[in-house]
Amino acid sequence: MAAYFSFQWHITDECDQRCKHCYIYSAGNHTCLQSMNWKQMEDTFYNCLDFCEMYGRTPYFYITGGDPILHPDFWRLLSLMKEHDIKFTILGNPFHLNDQVCMELKGYGCEKYQLSLDGLRETHDWFRKPGSFDCTLEKITCINKAGIRSVIMTTVSKTNRMEVPGIIDAAVKAGANVFAFSRYVPSGGELDASMTAQEYRELLTVCDKKFKEYEAEGCDTYFNKKDHLWTLYEYENGEYKIPENVKEGMIYGGCNCGNCHITILPNGDIYACRRVAESKVGNVFEDRLVDVWVCRMESYREYEKFSKCSKCELKPWCRGCPAVAKGTYGDFYAADPQCWKIRNEITGEVLPC
């Protein structure tokens with residue numbers, strides 16, 4: 001099978017929650033909620049397939065919103081996916097799930113359903129809405145019963161970082177198949193984005209210990225070390241080795257922006273990454289994705305521009321999170337503010353801790 005190319009497709013802004021770290025609501029862009037109509041969804045779908053055919057890639061869709069299940073043509077879209085034998089993941093809310101809905105999702109080809117836990121009960125319900133914490137944990141059972149992999153994702157900030165170990169315990173106890181976390185990208189909301197590099201490294205240390213304890217017990221939950229700074233952490237611990245016989249200038253891992261991922265919003269705007277402010281590169285209603293990828297995405301593949309990562313031996317496999325750098329400093333190629341690796345301010349050389 002050809003390598004996957006992922007499309008994070010926001011079909012609607014409609015949502016049952018008003019999360020404090022949501023890009024739509026924290027940035028004040030919610031006065032006119034957008035949704036694609038069916039013709040636009042069809043055209044977008046075939047534009048994506050055209051792209052993958054041109055570049056020899058296998059399409060994979062992450063269908064999201066808002067809450068995608070609220071779109072009136074949600075099930076019609078899934079039928080189109082099934083017609084073309086394309087698997088997908090849903091990133092949504094728990095509120096409209098039950099055994100019947102989950103079985104229908106499975107029948108259409110849904111492989112994973114991702115829910116969010118952004119704190120323990122009080123904190124999570126403050127982030128999202130009252131009752132959301134308990135509802136999320138409850139619906140993991142529905143998802144698993146249908147044969148869909150349940151994914152719990154946490155957005156980590158200084159506000160909730162001390163609760164992450166407890167979130168892991170809650171996710172494991174509820175039977176989540178996958179747990180992962182990523183960092184909050186400053187987006188104009190009220191969350192504290194000042195988590196230091198050392199604070200973040202300490203969090204990884206605590207989580208790594210907890211992951212290994214659960215794995216030793218035979219826990220079925222898979223702990224996805226999604227954040228690219230896990231690569232640096234495991235490199236320092238000797239668990240990650242730089243592969244031999246690598247080609248100079250090649251990129252093998254790390255951030256997918258500019259490599260194998262794009263985001264499409266309900267108004268058709270194409271973003272290099274949803275988490276990167278001002279990364280619009282076109283509009284799917286007006287542009288052929290094939291052309292956008294070649295002509296307008298190059299500015300996200302200039303790896304020597306990374307002010308810190310370009311001098312690091314882990315550049316081909318890490319590069320931290322450019323979205324966090326952009327949100328913090330306004331520069332996609334700035335140093336990741338939570339990267340703890342030391343840089344000599346005179347020579348620019350990146351040094352081990």
Side-chain angles (χ1 to χ4, degrees), residues 8 10 13-27 30 62 64-69 89-97 112-140 143 149-196 199-200 202-204 206-207 210-211 221-227 229-230 273-275 321 323-324 327-328 337-338:
Q8 182 175 324
H10 298 249
D13 287 335
E14 295 291 343
C15 189
D16 294 319
Q17 303 189 107
R18 299 292 183 266
C19 304
K20 291 178 171 58
H21 51 8
C22 175
Y23 301 106
I24 300 168
Y25 296 98
S26 64
H30 57 282
Y62 291 85
T64 186
D67 188 352
I69 205 168
T89 290
I90 300 292
L91 316 180
N93 291 331
F95 312 117
H96 304 282
L97 299 181
K112 293 177 285 185
Y113 196 106
Q114 180 176 300
L115 298 168
S116 296
L117 281 182
D118 293 315
L120 298 177
R121 184 177 288 104
E122 182 179 352
T123 302
H124 176 86
D125 288 358
W126 172 81
F127 268 108
R128 293 177 177 268
K129 74 175 188 177
S132 178
F133 179 84
D134 291 330
C135 185
T136 297
L137 293 176
E138 174 189 336
K139 295 306 171 68
I140 289 173
I143 297 168
R149 286 181 64 77
S150 55
V151 181
I152 291 295
M153 171 63 71
T154 297
T155 300
V156 178
S157 66
K158 194 177 183 75
T159 304
N160 67 355
R161 69 182 181 89
M162 299 302 290
E163 296 186 24
V164 174
I167 299 171
I168 295 169
D169 291 335
V172 169
K173 184 178 179 180
N177 296 134
V178 181
F179 173 82
F181 60 79
S182 60
R183 283 171 285 153
Y184 168 64
V185 175
S187 57
E190 58 186 284
L191 299 187
D192 188 342
S194 63
M195 183 168 51
T196 68
E199 286 173 337
Y200 189 60
E202 289 168 1
L203 173 62
L204 296 190
V206 171
C207 291
K210 185 170 280 289
F211 292 165
T221 301
Y222 170 67
F223 301 107
N224 180 5
K225 295 181 176 178
K226 178 182 175 70
D227 192 313
L229 288 180
W230 276 111
C273 172
R274 183 66 184 98
R275 290 159 55 85
C321 181
V324 175
T328 304
Q338 275 90 46

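- Residues V324 and P186 come closest through the heavy atom pair O-CD, 4.4 Å.
- Side-chain atoms of K139 come within 3.5 Å of backbone N or O of L97 as a donor-acceptor pair.
- Of the inter-residue distances, the one linking K226 atom NZ with C321 atom SG reads 9.5 Å to the nearest 0.5 angstrom.
- Between A323 and V185 the shortest heavy-atom distance is O-CG1, 3.4 Å.
- Summarising the geometry of H124 relative to L117, their closest heavy-atom pair is ND1-CA, 3.5 Å, with the distance given to 0.1 Å.
- The closest donor-acceptor contact from the side chain of S157 to the backbone of T159 lies under 3.5 Å.
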Original post:
Going through the checks in order, is the side chain to side chain contact (heavy atoms under 4.5 Å, CB included) test met by T64 and I90?
Top reply: CA-CA 6 Å; T64 186; I90 300 292; over 6 Å; no

Original post:
Are V156 and M195 close enough, and set up right, to give a side chain to side chain contact (heavy atoms under 4.5 Å, CB included), and what steps lead you there?
Top reply: CA-CA 9 Å; V156 178; M195 183 168 51; 4.2 Å; yes

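- Checked by atom type and distance alone, the side chain of D227 never pairs as donor or acceptor with a backbone atom of S182 at under 3.5 Å.
- For R275 (side chain) and R183 (main-chain N/O), a donor-acceptor pair under 3.5 Å exists by modelled atom type.
- Within a 6.0 Å sphere centred on CD of E199, heavy atoms belonging to other residues, nucleotides or ligands number more than 12.
- The main-chain N or O of N177 is found under 3.5 Å from a side-chain atom of S150 such that the two form a donor-acceptor pair.
- In this structure, CZ in F95 is found 9.5 Å from CG in L115, a value given to the nearest 0.5 Å.
- Residues Q114 and Y62 form no side-chain contact, since every pair of their non-hydrogen atoms from C-beta on lies 4.5 Å or further apart.
- Of all heavy-atom pairs between P68 and L91, the closest is CD-O, 3.5 Å.
- To the nearest 0.5 angstrom, K158 atom NZ is 12.0 Å from N160 atom CG.
- Between the side chain of N93 and the backbone N or O of I69, no donor-acceptor pair lies under 3.5 Å.
- The distance from the CZ atom of R274 to the NE2 atom of H10 is 5.5 Å, given to the nearest 0.5 Å.
- Side chains of T89 and V151 form no contact here, defined as non-hydrogen atoms less than 4.5 Å apart.
- Under a 3.5 Å cut-off, the side chain of K225 and the backbone N or O of W230 do not form any donor-acceptor pair.
- Rounded to the nearest 0.5 angstrom, I143 CD1 and K112 NZ are separated by 13.0 Å.
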**OP:** Would you check, one step at a time, whether the test side chain to side chain contact (heavy atoms under 4.5 Å, CB included) holds for F127 with S116?
**Re:** CA-CA 11 Å; F127 268 108; S116 296; over 6 Å; no

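- Panel note: side chain T155, backbone Y184; no donor-acceptor pair is recorded below 3.5 Å.
- In this structure, the side chains of F179 and I168 come closer than 4.5 Å at one or more pairs of heavy atoms.
- Summarising the geometry of C207 relative to V164, their closest heavy-atom pair is SG-CG1, 3.7 Å, with the distance given to 0.1 Å.
- Shortest non-hydrogen contact noted between T328 and P337 is OG1-CG, 3.6 Å.
- D125 places a side-chain N or O within donor-acceptor distance of the main-chain N or O of F133, the cut-off being under 3.5 Å.
- Ring-plane geometry between F223 and F211 is classed as parallel, the angle between the planes falling under 30 degrees on a 0 to 90 degree scale with a further cut at 60.
- Looking only at distances, no side-chain donor or acceptor of E163 sits under 3.5 Å from a matching main-chain atom of G119.
- Screening T136, D118, T123 for a side-chain hydrogen bond (donor to acceptor under 3.5 Å, both in side chains) with R128, the sole residue that qualifies is D118.
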